[in-house]
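Remarks on the structure that follows.
Counting starts at 1 for both ligands and their atoms, in listed order. These numbers were taken from a predicted model, which means no experiment stands behind them. Values below: every heavy atom of this structure, side chains too, minus hydrogens, waters and symmetry copies.
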Amino acid sequence: MTIDWSNLGFSYIKTPWRFLATWKDGSWNEGELTEDNYLHIHEGSTALHYGQQCFEGLKAYRRKDGGINLFRPDENSKRMNRSAYRLRMPEVPEDFFLDAVKQVVKANQEYVPPYGSGATLYIRPLLIGVGENIGVSPAPEYIFTVFCMPVGPYFKGGLTPTNFIVSDYDRAAPNGTGAAKVGGNYAASLLPGYEAHQRKFSDCIYLDPETHTKIEEVGSANFFGITADNEFVTPKSPSILPSITKYSLLHLAQHSLGLTPVEGDVYLNELDRFVEAGACGTAAVISPIGGIQNGEDFHVFYSETEVGPQTKALYDQLTGIQFGDIAAPTGWIFDVPLK
Ligand SMILES: *Cc1c(COP(=O)(O)O)cnc(C)c1O
């Protein structure tokens, strides 16, 4: 195995082992680790025709002492089960989910990047409806699989702001599946994302689908803004995907930085209140937002080239916790037993 840890991006790399379990007749089998990275599924599978599938994304972090941390994987399990409920899929019991993730990390431990490289092991749990079917109804069988690959830090030379553009498209309906981590939301985001990239923006900003006056999501990440009077503000809406990174930052903003955490409306015509803004999610942790294009108007936050001090402090605090350098709030870090 020869991997250049310092040059990893975010692309598929085959690691030796993945976990695979099947659900049939009302229960999960015990599942197993397998080397086969192809799924052989029925042509009538609901995941293929009707989008009956959901997924998760989390990371394993190499500590200074050589051990491996998972960051709040129990929250990924709970969220996957909420997504599954929304699409009439069976739950994956939390213990089963956590055990599968730990088995996969342990089996592929040589692929967890070294401490200090900034790189991590990205873990992708996936739940899909399979089996013989053609009508619009829940699948008779399900596959739960977990695979992983090493990925580089999102920002190689430090946090760099990028610009975003407000989209005319909606990513979700007011009472639709916006809060569920389902593939359909992502398929729907490909064209808006493409159009934003064509215009040289990092991604698009989605507004609330009901009134189109409030910021909801930044591409496939959550939004936050920091006000001049030290409020850390994130949008609140039933069509936003509840980001685990976002909730962790709300906690750290309050308890480590002494900011006031606020979940509320972020009106597009009130962006002046923010001195810093960013997008957050597992992949990048935090992407500082330089500016937002909205029609003819271009609004700059802290700077188009420099990350703001509070954003940087939050990033350092959260990544320090994830890599085990800073004491974590109770229950945030799960050690992966490697023996
Ligand atoms: C996964 C996801 C996020 C980020 O969630 P994290 O738990 O922080 O990784 C944000 N928005 C969307 C649409 C997502 O799918």
Side-chain angles (χ1 to χ4, degrees), residues 10 51 53-61 69-84 86-87 97-98 101 120-127 146 148 151 153-154 164 167 169-174 176-193 196 202-209 214-225 232 234-253 261 263 266 277-287 289 311 314-315 317-319 321-322 331-334:
F10 194 84
Q53 69 87 249
C54 64
F55 66 98
E56 275 300 325
L58 68 161
K59 286 174 169 177
Y61 307 81
N69 281 348
L70 295 169
F71 181 71
R72 309 188 77 178
D74 53 330
E75 293 296 328
N76 293 96
S77 168
K78 291 184 175 79
R79 188 169 67 191
M80 176 171 252
N81 284 336
R82 290 196 302 269
S83 301
R86 181 65 178 80
L87 299 193
F97 178 101
L98 294 175
V101 169
T120 54
L121 186 78
Y122 183 74
I123 304 162
R124 171 53 60 85
L126 178 70
L127 175 63
V146 180
C148 67
V151 297
Y154 201 84
F164 294 82
S167 183
Y169 297 103
D170 293 321
R171 66 173 283 279
T177 54
K181 207 168 178 74
V182 302
N185 294 342
Y186 278 76
S189 76
L190 293 176
L191 181 60
S202 275
D203 212 327
C204 50
I205 303 259
Y206 294 105
L207 303 180
D208 71 293
K214 299 175 270 186
I215 290 182
E216 291 232 317
E217 290 260 13
V218 185
S220 50
N222 279 189
F223 175 90
F224 70 82
F232 178 88
T234 68
K236 192 174 178 64
S237 153
S239 47
I240 291 177
L241 193 284
S243 155
I244 297 161
T245 312
K246 190 258 298 281
Y247 285 110
S248 305
L249 292 175
L250 276 162
H251 180 97
L252 296 175
E263 282 188 87
V266 175
C280 62
T282 296
V285 188
I286 289 177
S287 321
I289 300 178
T311 303
L314 282 167
Y315 178 87
Q317 190 72 26
L318 182 53
T319 53
I321 287 171
Q322 290 168 330
W332 279 18
I333 293 297
F334 287 53

Name the atoms and distances for all side-chain donor-acceptor pairs under 3.5 Å in residues 180-187, with sequence neighbours left out.
from: Asn185; atom 1: OD1; to: Thr177; atom 2: OG1; distance (Å): 3.0
from: Asn185; atom 1: ND2; to: Thr177; atom 2: O; distance (Å): 2.9
from: Asn185; atom 1: ND2; to: Ala180; atom 2: O; distance (Å): 3.0

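- For ligand 1, the protein residues placed under 4.0 Å by at least one non-hydrogen atom are Arg79, Arg171, Lys181, Tyr186, Glu217, Ser220, Ala221, Asn222, Leu241, Ser243, Ile244, Thr245, Gly281, Thr282.
- Applying the side chain to side chain contact (heavy atoms under 4.5 Å, CB included) criterion to Tyr169, with sequence neighbours excluded, gives Ser167, Leu191, Pro192, Glu195.
- Here the closest heavy-atom approach between residue Thr245 and residue Leu318 is recorded as CG2-CD2, 3.8 Å.
- In terms of modelled atom types and a separation under 3.5 Å, the side chain of Asp208 and the main chain of Lys214 share a donor-acceptor contact.
- Classified by interplanar angle (parallel below 30°, tilted 30° to 60°, perpendicular above 60°), the ring pair Phe232/Phe224 is parallel.
- A search for side chain to side chain contact (heavy atoms under 4.5 Å, CB included) contacts involving Pro125 returns Glu56, Leu58, Met80, Phe97, Ile123, Phe144, Val146, not counting sequence neighbours.
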